[in-house]
Structure formats: C-alpha cells, structure tokens
Amino acid sequence: MLTTLQILSPLNDKQKEAVHYTEGPVLVLAGAGSGKTRCIVHRIAYLISCKKVNPQNILAVTFTNKAANEMKERLKNSFNISTYSLWIGTFHSMCARILRAESDSYSKIPFSSNFTIFDANDQNRIMKNVIKKMNISDTNFPPKKVLNIISLQKNNLVNYKNFSPNDSSYYSKIIGQIFENYQKYLLENNGLDFDDLLAYTVWVFEKFPEILKKYQEKFKYLLIDEYQDTNFAQYQMTYLLAKSHKNICVVGDDDQSIYGWRGADIRNILSFENDYKTTKIVRMTQNYRSPELVLSAANELIANNESRHKKELWTAKGKGKKIQLYEVPNGKYEAIFISKKIRELINSGKADYKEITIFYRTNAQSREFETQFLKDRINYQIVGGVNFYQRKEIKDILAYLRILANPSDNESLLRIINFPKRGIGKVAQSKLLDFASHKKIHLYSALQKIDKTSKFSNSALKKMKSFYSILKKFSVKSKSEPINKLVKEIVAELNLLDFYKNEELIKGETRADNIKEFIASTEDFAENFFEEFSTEPKLSEYLQNISLITDIDRTDKGDNVVSLMTMHNAKGLEFPYVFIVGAEDGLIPHTNSMDSVSEIEEERRLLYVAMTRTIKELTMSYANSRRFFNSYISNFPSRFLDEINDKHFEKFILTSEFNKQYSGDLYKSQKRKTDWKTAHNKFKVGQRISHSKFGQGMILSIRGNGDDAKLTISFNNGELKKIISSFVKSL
DNA sequence: CATCTGCTGGTTTTT
DNA sequence: CCAGCAGATG
C-alpha cells in the first residue's frame, strides 16, 4: 500500500485536485496531452489505497479495451494494486457482463446469458435477409443505410415499438417494419448487436429497479473517460448509476469529440454542470506532450470552432521544429516520399520504427503506404482496418464456437452447415429452414429431429445427421475441455489447415497462417486466464471475452514497427514522429461531412486530435491528385491549413521534381471547377424536395458541391434515386 | 450440388 | 481495384 503522499506527489496542482476530490460529481476538462489517463489511474489508486474503498465498488469506463488494459497494467505495476475485482472496461464490455449476469434470472428479459454478439458483418448478412424476406428492393433500402438508421435509433434509446418518425412517409414506415423484423430475428437467434448491449442495459435498469439498485450500490465510485464521446444511451446509463450517490467523475475534452456520427452528443459534456448541480470543475490546460509550435498551430485551428468551452493549452516544452508541410503530385508519390523520410529517420538513428506513425482520414489510404513499405522494407503494422476476428477463416471457426455456446444461433449454424463442403447445399438448407419454422424450433434441434417422415432425400438426411453428430461431439467436449484444446480439435477434425493449403497459393497460405495465429491466441488467452483465476477457461468464458475485442486492442505486441491508422484510431495515443497525410479538402474535411457547420467542426476536431498526438515532430502532406477507384480526382489543400498561421509551417513543393520522373498517365486528372471557398450546397440531408418526374422525396445523402452535387433521394413512391442537384427543387 | 465466371458497387470515421 | 454474388454450366 502506498501513502497519500506517494500517490499525489508526481501530479501537478490541477491533477491533484481531480484525484483528491472523491465525493460528489467532478468534471475534469482535460485538454490533449494534459495527463488525463494518469489522472484516472492515480484517482483509482487514491480511492483504494488512501480512502480504503473496496475495489469492487469502483467502475471505470474507457473508450477501448486497450486503454482499459493499460490502466490495469499501470495499477498493478506502479501501485501494486490487484485489479481482480475492479471493473475497468468499455461501455460495451461492461454491458455485456451485466446482461450475461442478469438475463437468466428474469424471464421478461428477451434473451439468455449465452447470447451471441453479432458484429457489423453479421448485421449486414442478417439485414440483407430481412429485406429480402420482406420482398422489398435493397436498392431502395440499402442494408447498410438502414442499419445505420436503426443504430442511431438504438443509441437514442428508441426501439421498434416506440419508433415514430416525425414524417409519415412510406420510407419511414417501411424502416419501422424492417426495424421490427430485424430485432425479432436477432432475439430468435438469442443474439444482440453492439447497440443492443447499451440499449438493453438501460432498459433492464429502468424496467427492474432492483437490478439498478444492486449496481448503484455496487458501483459507489464511477469514472468515465472520454465523456465527450458518449451517446444518449451511455449518458442515461451513467446517470442512472450515479443517481443515488452522485460520486461520478467524468473526464473529457469537448475539442476531441469525434464520434458525433455514431450518436455521440457533445452536449453531454457541455452541460454536465447542469445535470449535477454541485459539480466540481477541474480544468487541466498544461500540455506535457507537444512542442510549442505544434501546440499553438493546433490551438489556432480549434479556435475556429463555435461550439466549445473556450480554452488555450500551453506547454513548458521548447518551441520545437516547425510543422513540415509537403505538397505532392499524387497519392502514390506521397507514399514514396514519406517512405524515404522514414528511412532517413531510421538510418540516421533519430528514431525507431515504433516511434513513427501515419494518420489518414480513410482506411483506403493505407494501401499506397503498404505497397511502398513492402518495397522499401519498412516494418509496419496497420492498426484497425479489417479486424482479425472478422476475417472469413477466423469467423468460420468462431461460428462453430458460437453455435456450441448458443444453440439458437441460426445465423452461425447457416454459416458453417456447408463449410467445409459436406454436400448440404441451398436446396437442403431451405428444406431444413422450412422444417424448423414449421415446428417452431431452431435449426440445431431441427437437425436432431429430422427423420424419414420429413421430406428429405436419404442422402441429405444422412449428411445432416452426420453434421449434427459432429456438432454434438464438439458440444460435449466444449463443456469439459479448455478453449485452446477445443479449438485445436475443431481445426484438426475439420482438416482446415490442409483445406486452405489446397486453396490458391498466397491467399490460402495466409489463411492457414491466420488460423495458426488464432490457435496461438487461444493458448495465450488460456494461459492468462489461468494466471488470473487459477482455473482453465471454457468456451463460454472465452466467447464472452473475445466478442468485443477489436484490432486496436490486439496491437500490444510491442513490435518495433511503424503504425498506420485512421485519425479516429489515433485518439488517446502519442508518438514522437507523426505524419498526417491527405490533408486535402475532400478527405479532411471529408466530402461527405462538409455540408453543415457541425460536420465541419467535427472534422476540424478530428484533425486537431491527430495533430496533438505529436511528441517531437509533425509532418503533413497533401496531394494534387489522388486515385479514386479507377479514375483520378484533384483535391485542394485542406481549408483547415488556411486557418493556421504560416509561421508554423516549413513548406515544400515536390511537384516539379516529380513531373520529370512520372509524366503522362497520372496527370490526366482534371482540376475541380469549383473553389471550396465559394462552393456550397443549397440542399441539406433530410430536406424535402420535389422532382418534375419522380415527385416529392427526402434527401438521404449529398455527394459533391453546388449544381453538380449528386443527391440520393428517397421518393414518396418508395423509389431511391441518385439525382444531380440542378434537377431538383426545394419544397 | 459444386464450381466457375463475369458483373456490380463500394470508400468516411467504429464500439 | 477487389470482393461478393447471381446465374450459368458440369
């Protein structure tokens, strides 16, 4: 146990205040690099060591599982605190845990504790089927768009029963019906999507006061990190938990709110003091991370936002180097020259791979860097992007595991009923589906119950029986054997490694490698689990942990590599050498996020977040031309660059040098005719319009500027069309 | 019933 | 440019 002095002395006055003030509501407005994480860790240590608070009475919510793990490590290593009974995790993981704990004790909760968590891929598949079954066209109701709408509803605690859009259009009515069918399908599968984890937890708290009371009493001290990125469901959840004791400490920075599009509401942090009358506010404005030139550039940029708490970060660090700003001819050359710069940093001994990072706005931008880095032998790693656990070969194995844990999970069963190929094709599958729905049972038990009286051919019957017996065998093993052993046996029994070796050479090989890595990861998991709980993890323990793990959480291997990631994934991280690429109008701010002030402001915050990750040197670049599918587009430098005084930059133009090397092809692109300063859209998303031929409708999205803008419109007759803006009149 | 092929459409950001 | 998918073929 450490003394109060030992915990507080490394902190500055503001940080001390935030740690010290443990009773009642506290709002910590912590600017970028001001020691936010440190503050939370020390506060937890202070509560446990000095205030003698039982660790099981503390709940700390972080934005990623990675952040949670880092906090646990720091508590263990720096303060010798056991994190065994401490709840530290994301909202989603905490909700999953609560729902698994409570759902079996209450028959009114419409799912049971072994529920499957469906990820974005599953959601897509499911939504496609729902729409198909309803006999509506998926061009009028694109699954992803519909899912997006439903997601926002759920985050605002709207379910299909109380879904009542303010317009009574055909479009909205159908959305309501899709919502209902989708949700019912999830529950039939005993499955939840990400948003359900939040929404059902709030629902449970409100519906069963005794459950709420239990958690209110358990979590006497709440800490919420990144509060600026909470949505209404998360807001309501914390409000309910804090209601009785009000020992709630939220930490955040309105300037770093970058998830508005996901339902996050910046007002949650801006109006915290109104929600809790006796709020103690701590403002932390000293930045310990960035050199002065970088910080003041970021300050200047963010000062252009209207809706924010006014504040200016300062640093005691030296001036540092100017931001290097490069104009390059195109995306390919951007990668070539950055690769060169990185090579120089490494060879000169100035930096190690792991001290360098590249931030971009869209995942697609990573490709050019990957190819170039492979050529130049620069070790790199993509953080985020296509999730390891979402790869086909991994999801197939996971589907086996899921069906064993949750026999109602038809979705997973259908995924593997004919994988690897065992001769159960479309026809047999649809017969099985009919049989199951007729008997009102799920597919797994349908497999068990089919017999000669049902209309299956003898051979189909035999194949399905044998599939059932395989599952049955695994199922028995899953109850006694640890997860790592089970996975190994499944892979062996299905002969997956050989299967992939026979596939196309490169693809098959990486797939086989991924499976091996997956097996290794289950072994790691089992080992860690045993260390912590002194017992071997079974299937259910594994699935509960794995379903919410994302790639960002997995990157802790400490490899010495350059990190590539989106600006969104950069949140909470820091690197000595930062490269921000694609600083262009159209990328940041993104074309799809530039038709309202609030969208532009969020884009500005995103760039602000990216810039303030810098510990030593910041380099930015923009390209004149960029590959877009199979054509080229020309972008202007980001308007945000104009908002920063030139004295912060050292500018380079690489165009002329480049023209000599690469003439021809790459320069066929035409310059965009409109200047962003004058370009504007007369239409807004959500606006109602009319068209001479198709009648009235509502704008769902806008692409491009001015009269050339392409509008996606849902017309009242149910059709979805893409129309050039000049053919449309506002109502 | 499985496999092959040619077409389409998708790129904003993610727990 | 590429993955995923519908429809034709063996």
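Residue numbers start from 1 in every chain, and the chains themselves are labelled A, B, ... in the order their sequence lines are given, proteins ahead of strands.
- The nearest heavy atom of DNA chain B to A:Gln429 and to A:His590 marks one nucleotide each, and the one closer to the 5' end goes with A:Gln429.
- Out of B:dT15, B:dA2, B:dT13, the shortest distance to the side chain of A:Phe194 is found at B:dT15.
- Not counting sequence neighbours, A:Phe91 has no partner by the ring pair (Phe, Tyr, Trp, His ring centres under 6.0 Å) test.
- For A:His590, the ring pair (Phe, Tyr, Trp, His ring centres under 6.0 Å) test picks out no residue, with sequence neighbours left out.
- Protein atom NE2 of A:His92 is 4 Å distant from nucleotide atom C1' of B:dT15, rounded to whole Å.
- Between A:Asn592 and B:dT13, a side-chain N or O to OP1/OP2 separation shorter than 4.0 Å is absent.
- Counting only distance, with no hydrogens or angles, the side chain of A:Asp229 and the backbone of A:Tyr259 share a donor-acceptor pair below 3.5 Å.
- Ion pairing of A:Lys36 with A:Asp253 is absent here, as no side-chain N (NZ or NE/NH1/NH2) approaches a carboxylate O to less than 4.0 Å.
- The cationic atom of A:Arg613 (NZ for Lys, CZ for Arg) does not lie both less than 6.0 Å from the six-membered ring centre of A:Phe359 and within 45° of the ring axis.
- At the heavy-atom level, A:Asn124 lies nowhere under 4.0 Å from the strands shown.
- With sequence neighbours excluded, the residues that form a side-chain hydrogen bond (donor to acceptor under 3.5 Å, both in side chains) with A:Arg626 are A:Glu334, A:Glu584.
- We find that the ring of A:Trp261 and the base of B:dT13 stack, their centres lying under 5.5 angstrom apart and their planes tilted less than 30°.
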Can you give me the N/O atom pairs linking the protein to nucleotides 8-10 of chain C at distances under 3.5 Å, or say none if there are none?
none

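- Remark: A:Tyr182 engages no residue in a ring pair (Phe, Tyr, Trp, His ring centres under 6.0 Å) (not counting sequence neighbours).
- Side-chain atoms of A:Lys128 lie closest to C:dC5 of the nucleotides C:dC5, B:dT13, C:dC1.
- With B:dA2, B:dT14, B:dT13 as the candidates, the nucleotide lying closest to the side chain of A:Tyr259 is B:dT14.
- Note on A:Phe91: nothing from the nucleic acid sits closer than 4.0 angstrom, heavy atoms only.
- Proximity of A:Asn148 to the phosphate of B:dT14: no side-chain N or O atom is located under 4.0 Å from OP1 or OP2.
- Contacts of A:Ile424 with the nucleic acid, taken as non-hydrogen atoms under 4.0 Å apart, involve only primed sugar atoms and P, OP1 or OP2.
- Residue side chain A:Thr566 does not reach the base of B:dT13 through any donor-acceptor N/O pair under 3.5 Å, judged by distance alone.
- Both A:Ala428 and A:Lys144 lie close to DNA chain B; mapped to their nearest nucleotides by heavy-atom distance, the more 5′-ward contact belongs to A:Ala428.
- In this model, the phosphate group of B:dC1 is not approached by any side-chain N or O of A:Lys463 to a distance below 4.0 Å at OP1 or OP2.
- When heavy atoms are screened at a 4.0 angstrom cut-off, A:Thr90 is found touching the sugar-phosphate backbone but no base atom.
- Atom-to-atom, CZ of A:Phe628 to P of C:dC1 comes out at 15 Å; the value is rounded to the nearest Å.
- Comparing B:dT11, B:dT12, C:dC1 by their closest approach to the side chain of A:Arg627 singles out C:dC1.
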I'd like a table of donor-acceptor pairs (distance under 3.5 Å, sequence neighbours excluded) in which one partner is a side-chain atom from residues 414-422 of chain A, with atom names and distances.
| from | atom 1 | to | atom 2 | distance (Å) |
| --- | --- | --- | --- | --- |
| A:Arg415 | NE | A:Asp396 | OD1 | 2.9 |
| A:Arg415 | NH2 | A:Asp396 | OD1 | 3.3 |
| A:Asn418 | OD1 | A:Arg422 | N | 2.9 |
| A:Asn418 | OD1 | A:Gly423 | N | 3.2 |
| A:Asn418 | OD1 | A:Ile424 | N | 3.2 |
| A:Asn418 | ND2 | A:Ile424 | O | 3.3 |
| A:Arg422 | NH1 | A:Ile416 | O | 2.7 |
| A:Arg422 | NH1 | A:Ile417 | O | 2.9 |
| A:Arg422 | NH2 | A:Tyr400 | OH | 2.9 |

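- For A:Asn363 and B:dT13, the shortest distance from a side-chain N or O to OP1 or OP2 is below 4.0 Å.
- For A:Lys421 and B:dT3, the shortest distance from a side-chain N or O to OP1 or OP2 is below 4.0 Å.
- In the set B:dT11, B:dT14, B:dT12, B:dT11 carries the atom at the smallest distance from any side-chain atom of A:Ala364.
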